[in-house]
Amino acid sequence: MEQANTLCHDGKSKGGVLAYLERLETGVNRSGKQREELQSAQAVGNALATKIRKLRCLRDKLRAEVKQRQARVKASTTSVDPDQTVEISEQEVLERKQKNVKAILQAYRFTGLSGKLTSRGVCVCINTAFEGNLLDSYFVDLVIKKPLQIYHHSVPVFIPLEDIAAKYLQTDIQHFLFSLCEYLNAYSGRKYQADQLQSDFAAFLAGPLQRNSLCNLLSFTYKVDPRGQAFPFCARLLYKDLTVTLPTDVTVTYQGTEVLSTSWEEQRAAHEILFCTKPLHQVFASFAKKGETLDMSLFS
Amino acid sequence: MDETIAEFIKRTILKIPMTEMTTILKAWDFLSENQLQTVNFRQRKESVVQHLVELCEENNASLNDAALLDIIYTQLHRHRKIWDVFQMSKGPGEDVDLFDMKQFKSSFKKVLQRALKNVTVSFRDAEENAVWIRIAWGTQYTKPNQYRPTYVVYYSQTPYAFTSLSTLKSNIPLLGQALTIASKHHEIVKMDLRSRYLDSLKAIVFKQYNQNFETHNSTTPLQERSLGLHVNMDSRIIHENAMEKERVQRVTQETFGDHPQPQLEFAQYKLETKFRNGSILAEREEPLRCLIKFSSPHLLEALKSLAPAGIADAPLSPLLTCIPNKKMNYFKIRDK
């Protein structure tokens, strides 16, 4: 009790310790509130300051762009300013040239043999074709080192790439590439003919077309007239040379017990020669045409 | 129809999951459309199988028909077998290979039938001028065991044959002989390459797994490939080991390429070397023998991710990275 009284400064008893503590508390709250208000005011101030900075930045950027555009407009309308126009057209010219060269490089594939430099060496692209039809592409990625190596390739495993490489890769790379082109183009051509026969002239075949990976042995039974008037012939086409697209050996036989009449025998012999001299699908196309002309003669 | 054939067909059809039943039966093409329509495929599997076996009885199924069904099932479930690879070679200066599939099949069958009276050989043509061969082996006195057949997949005019052996070791030389004679090769050798994934073995052996080539026509130039590093573009954050990460990515990409890796499940290294440490073990006369086997659902992808994950140093040991190039996943390492 005595202590509480001695704490009062002005002699008046203001309610003791608890009341004093209350007064202290309200004082702290008041100053806390003031601090908070000050802080929030400061935060708002900072936010506004950054906003101002951003807007100023944007304004400067836009001003600069406007200046640039004005300058460009002036330059394009007044042909008096030679330096700037020369610069722009030079750039355009270079860009056009670059596009041109890129297009030429891309178009090179139509020559059948093209390539692109790589970090290791060169990646050669062989685009095969047959009778004007662009067929599959094959790649050979070469590493330019001594000895020259094939890093990897997309040549099918049944093409004798290792043999050709063993013969020519180290001594005469041109020969290597041309030889490989020969093999791949011939393979593509034979494959194309066999595929065409299976897809477009399936009506003429009496059974499935027998073929192999290299398409260098084809065996099939066919009828000249798909509607069943003709005798079925068995054809066996051998391509002993892997660089050709026409067969080296052709045998056309008749699977039957009766003896062929002379006209059919003549046809058989004629077909043998046909298969030797014309591509497979063209032979069948000529059969189809003959069939059409026969039809026409029936109506005439 | 023989009872054994009926049992064989029944067991084969039982293996087929119901979801694949109609697909496989259609591919088999032995039961007609009308016959298949009489079957209620919603019954319990045993009843369906019973009905199908009765239909096969009607059509008088032969052993060859049953074997064909087995081939089709295996083609669809090829990963259930473990495939080995054999490599054949020709003599030098051979004529051009005029491969005739009919001749190959008859020659193959003849070689086996001449040596073993009791053997069942069946063929099914596949895409890319390949053929699946199924061989059920018997002996001089016993009929062929249809439940442990050997499968061979052969792509014409290539030197490789893929086989799932599952037979006595004594039959393997005969199989090799049949393959070489029928395909007009001279020698055959088993490669140190084995996996469940037949298609991956084919990709490795035919070198078809990397199909990325640089051309002027490619729309995505190789240099612009994202290495997956620069995710966080905030310039205030610096990756301490960014240079090292880039180096590891570069080395990994150079070794493994950008393409998906062929799938293998294991690589096995048989070591027979002397201990090189300066300890007591180095004094041993005999070399130490140990076997190290790496297994993974996708071994090569796992190896590819080791260095970028920080688990191993880049470049990895060439013993690990040479697997697709050397076409082997079984290695024997001896002191030179």
Side-chain angles (χ1 to χ4, degrees), chain A residues 101-110 114-127 137-141 150-163 166 187 191 194 208 210-219 236-244 247-249, chain B residues 85 87-90 92-105 125-131 154-162 183-184 201-219 221-223 250 253-259 324-325 327:
Chain A
V101 170
K102 268 196 187 159
I104 291 178
L105 285 172
Q106 285 183 4
Y108 244 94
R109 63 193 182 106
F110 293 112
S114 56
K116 178 168 193 258
L117 287 176
T118 65
S119 49
R120 285 175 292 262
V122 64
C123 182
V124 177
C125 176
I126 298 174
N127 294 292
S137 318
Y138 302 97
F139 296 90
V140 181
D141 206 329
I150 300 178
Y151 180 62
H152 77 294
H153 62 86
S154 68
V155 176
V157 65
F158 40 79
I159 301 279
L161 176 63
E162 289 83 25
D163 290 343
Y187 161 67
K191 182 154 108 70
Q210 221 199 313
R211 54 199 282 183
N212 57 22
S213 296
L214 277 166
C215 290
N216 67 350
L217 190 148
L218 299 175
S219 178
R236 196 175 159 85
L237 277 61
L238 295 158
Y239 302 75
K240 287 190 182 152
D241 181 353
L242 289 179
T243 61
V244 299
T248 51
D249 293 76
Chain B
V85 191
Q87 183 171 13
M88 297 184 278
S89 52
K90 289 193 195 232
E94 290 264 338
D95 282 336
V96 166
D97 186 359
L98 291 159
F99 181 87
D100 185 338
M101 187 59 92
K102 270 203 198 129
Q103 223 172 51
F104 171 82
K105 288 178 188 175
D125 289 339
E127 72 294 327
E128 291 178 57
N129 300 292
V131 62
Y154 178 61
Y155 288 80
S156 59
Q157 292 165 322
T158 68
Y160 300 101
F162 305 91
S183 66
K184 302 202 192 117
L201 289 175
K202 175 177 167 245
I204 290 176
V205 144
F206 292 170
K207 293 204 172 289
Q208 292 169 337
Y209 51 88
N210 184 357
Q211 296 298 309
N212 291 337
F213 295 94
E214 286 186 49
T215 64
H216 292 290
N217 301 62
S218 46
T219 44
L222 291 180
Q223 292 88 351
R250 193 177 31 89
Q253 193 256 320
E254 274 171 12
T255 330
F256 289 91
D258 288 324
H259 50 88
N325 259 325
K327 304 174 190 162

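As a basis for the values below, the full set of heavy atoms in this structure was taken, side chains included, without hydrogen atoms, waters or symmetry mates. Per chain, numbering begins at 1; letters A, B, ... match sequence-line order. Here the structure is a predicted model, which is why all the values come from computation and not from measurement.
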Separation between OH of Y155(B) and OG of S213(A), rounded to the nearest 0.5 Å: 9.5 Å
Is Y108(A) in contact with chain B via its backbone, its side chain, both, or neither, using a 4.5 Å heavy-atom distance? neither
Could you tell me whether the side chain of N216(A) and the main chain of D97(B) form a donor-acceptor pair under 3.5 Å? yes
If I take atom CG from residue D100(B) and atom CZ from residue R236(A), how far apart are they, to the nearest 0.5 angstrom? 4.5 Å
How long is the gap from CG on D141(A) to CD on E214(B), to the nearest 0.5 Å? 7.0 Å
Can you tell me how far the OG atom of S154(A) sits from the NZ atom of K207(B), to the nearest 0.5 Å? 13.5 Å
In this structure, CD of Q157(B) is separated from CD1 of I159(A) (nearest 0.5 Å) by 9.5 Å
Contacting moiety of Q211(B), where chain A heavy atoms sit under 4.5 Å: side chain
Would you mind checking which part of Y138(A) comes under 4.5 Å of any heavy atom in chain B, side chain (CB onward), backbone (N, CA, C, O), both or neither? neither
For the pair Y160(B) and V157(A), evaluate side-chain contact (heavy atoms from CB on, under 4.5 Å) and give the outcome as yes or no after the intermediate values. CA-CA 10 Å; Y160(B) 300 101; V157(A) 65; 4.3 Å; yes
For a quick test of reading the model, state the closest non-hydrogen atom pair linking H216(B) to L105(A) and the distance between them. CE1-CD1, 3.5 Å
Apply side-chain contact (heavy atoms from CB on, under 4.5 Å) to the pair Y239(A) and V96(B), showing each step before the final yes or no. CA-CA 9 Å; Y239(A) 302 75; V96(B) 166; over 6 Å; no
Point-to-point distance, once rounded to the nearest 0.5 Å, from CG of N129(B) to CG of L214(A): 9.0 Å
If you compare all heavy atoms of Q210(A) against all heavy atoms of M101(B), which two are closest, and at what distance to 0.1 Å? NE2-N, 3.5 Å
Write down the atom of F213(B), the atom of H153(A), and the distance for their closest heavy-atom approach. CZ-C, 3.6 Å
Of all of T158(B), N210(B), N325(B), which one pairs up most often with chain A through heavy atoms under 4.5 Å apart? N210(B)
